[in-house]
Amino acid sequence: MLYVSTRGEAPPLGFSDALLAGLARDGGLYLPTLWPQLAKDKIAGFAGKPFAEVATTVMAPFTGDDLPRPALDELLAATYRGFRHKAVAPLVQIDDNLFILELFHGPTLAFKDVAMQWLGRVMDHELRRRGRRATIIGATSGDTGAAAIEAFADLPQVDVFILYPRGRVSDVQRRQMTTPQAANVHAIAVEGTFDDCQAIIKGLFGHHEFADRHGLAGVNSINWARIMAQVTYYFTSAVALGAPHRPVSFSVPTGNFGDVLAGYIAKRMGLAVARLLVATNANDIMARTLATGHHDVRGVVATQSPSMDIQISSNFERLLFEANGRDSAALRGQMAALAQGGAYALTPRQLAAIRADFDGGSADEAATSAEIARTWRASGYVLDPHTAVAVKVAREGLARDPATPMVALATAHPAKFPEAVKAGCGQEPALPDYLADLASRPERQQVLPPDLAAVERFIAAHVRS
Ligand SMILES: *Cc1c(COP(=O)(O)O)cnc(C)c1O
């Protein structure tokens, strides 16, 4: 399988080169040259199969010859062995035709583990094969940093440095980053904001001599290998609810647009998906784009669902490219307008193609709390605030089409956001047993000023190579 850049000015790469590159050299995102097709009987055969086995079938066409099948089998078996629920991504019914897909049974209680646990293993595998090392760097406002630290801890070929704004992540999120004791992972508390952290990351990548010397690599969801690992649970959940014989809809709490894009890819591969609902919080740029055909960036507001507090949904670029007949030149124009003026218009063709598959919806702070309360009262199920946004939008979708099963993706465990949950339904959600002692584990973190040179010195002193 070959991968092309959405911007059309970088050479096509095989899977493992796209994996290690992350972003394409022309600033674009990688997509496979074609969508592999899964026949109806093959999809029907997923029923009752272990998650890792379905993942192998879904992902093998994307890795192609770059990863021999036994290696893929082994990496995926190891990836999902670490999940605390046997089904990996179980379904729970909370109302008529309304189901929750629990994606938070990985080590850091957020859905990012589903893809990050795979990314860590496949990167380590590939680096080892090439006799290379890499230094993973990232800025986080919470979930991504913890997921990356868990995924890359103790892997021999990589060192990990995660920057987060000191005092601006939740207690649980900070402890998940500072309590792992592996020598190759480093949580850096920057005395500044998330934007300061991101500026430092940009500065590190922009300092080419430093970046090359330490083999810097990123792990955010522009990396294709993460997106492809999220396709699997659309298949497993839809099949459990009657696909391929009856279509299923999904409501997806959306930030960077990676998760909902994976649902679109499942549809392109042959899964019977009726509607994909892009559920946003008060930062509703994606819902507005779907409604108006106009994409315009406003300021980010802080909400109780912080992992969706975003204005630039990077992965939307992949959908824009698909929806316009893969016209790179037109896309480059839109991305230049976004960079310069913070806005662009979708072409009529893009808007029509996107509306054929997607609906938008949003929940503001009051609606999010009301949904946590409503679902708790009606079914005794405790939603985290991200999932509550999806459930609220899912109910709107069900009102339009009550006959089609609706799956709301649960992207975080409620115990990760205890204040919002308690405010919503009065219940203090408990951490699962394996994290019950999180508050008493020793923490290890480095506090640094918001200064590129200071971070460079720290990295240079701590990389193992
Ligand atoms: C990252 C994240 C999201 C948003 O997912 P995207 O793929 O960025 O759209 C939603 N909920 C939680 C809990 C997350 O960590």
Side-chain angles (χ1 to χ4, degrees), residues 29 89 100-117 119 138-151 164 169-170 172-173 176-177 194 219-231 233-234 250-266 276-287 289-290 300 303-319 358 360-363 368 372 383-394 408-418 420-421 429:
L29 279 65
I100 300 285
L101 178 59
E102 294 184 341
L103 300 173
F104 51 69
H105 294 287
T108 71
L109 309 182
F111 93 104
K112 300 224 167 34
D113 291 324
V114 178
M116 201 71 89
Q117 286 286 317
L119 186 71
T140 186
S141 52
D143 294 338
T144 302
I149 283 176
E150 270 306 325
Y164 69 92
V169 300
S170 81
V172 173
Q173 287 176 322
Q176 286 183 324
M177 291 190 275
F194 175 63
V219 289
N220 60 20
S221 68
I222 54 150
N223 196 308
W224 165 255
R226 268 182 66 182
I227 303 295
M228 64 185 259
Q230 294 170 21
V231 177
Y233 46 72
Y234 287 91
F250 293 91
S251 177
V252 187
T254 295
N256 215 7
F257 211 80
D259 203 4
V260 72
L261 184 79
Y264 169 81
I265 292 167
L276 290 162
L277 275 53
V278 179
T280 58
N281 64 24
N283 298 286
D284 61 352
I285 183 167
M286 290 314 309
T289 302
L290 277 163
V300 178
T303 72
Q304 57 191 309
S305 46
S307 299
M308 296 151 70
D309 290 349
I310 203 166
Q311 283 291 317
I312 307 280
S313 294
S314 315
N315 277 292
F316 189 53
E317 178 170 340
R318 288 185 159 112
L319 181 61
F358 293 86
S362 65
T368 303
I372 293 173
L383 299 170
D384 105 285
H386 302 77
T387 309
V389 169
V391 170
K392 187 255 186 187
V393 173
L409 274 57
T411 50
H413 189 288
K416 229 176 157 167
F417 302 95
V421 172

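Counting starts at 1 for both ligands and their atoms, in listed order.
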Quiz item: Residues in side chain to side chain contact (heavy atoms under 4.5 Å, CB included) with L290, at least two apart?
Solution: V278, I354, F358
Quiz item: Between the side chain of S305 and the main-chain N/O of P385, is any donor-acceptor distance below 3.5 Å?
Solution: no
Quiz prompt | N/O donor-acceptor pair under 3.5 Å between S362 side chain and N281 backbone | solution = no
Quiz item: Given T140, T280, N256, which has its nearest heavy atom closest to atom 6 (P) of ligand 1?
Solution: N256
Self-check item: Identity of the nearest option to atom 5 (O) of ligand 1, non-hydrogen atoms only, from F111, F316, F257
Solution: F111
Quiz item: Side-chain contact, heavy-atom cut-off 4.5 Å: H386 with L409?
Solution: no
Quiz item: Would you say F104 touches ligand 1, if touching means a heavy atom closer than 4.0 Å?
Solution: no
Self-check item: For G258, atoms of ligand 1 separated by under 4.0 Å from a heavy atom
Solution: 6 (P), 7 (O), 9 (O)
Quiz item: Under 4.0 Å from any heavy atom of A412, which atoms of ligand 1 are there?
Solution: 13 (C)
Exercise. Classify the contact between D259 and ligand 1 as side chain, backbone, both or neither, using a heavy-atom distance cut-off of under 4.0 Å.
Key: both
Quiz prompt | Intermediate values then yes/no, side-chain hydrogen bond (donor to acceptor under 3.5 Å, both in side chains), R226 and N223 | solution = CA-CA 6 Å; R226 268 182 66 182; N223 196 308; over 6 Å; no
Quiz item: Backbone or side chain, does any N or O of Q230 fall under 3.5 Å from an N or O of ligand 1?
Solution: no
Checking a contact table here: which protein heavy atom is nearest [atom], and how many Å away?
atom	value
atom 14 (C) of ligand 1	K112 NZ, 2.8 Å
atom 11 (N) of ligand 1	T411 OG1, 2.8 Å
atom 9 (O) of ligand 1	G255 N, 2.8 Å

Self-check item: I100 versus A410, closest heavy-atom pair with distance
Solution: CG2-CB, 3.5 Å
Quiz item: Minimum heavy-atom separation for L383 to V421, with atom names?
Solution: O-CG2, 3.6 Å
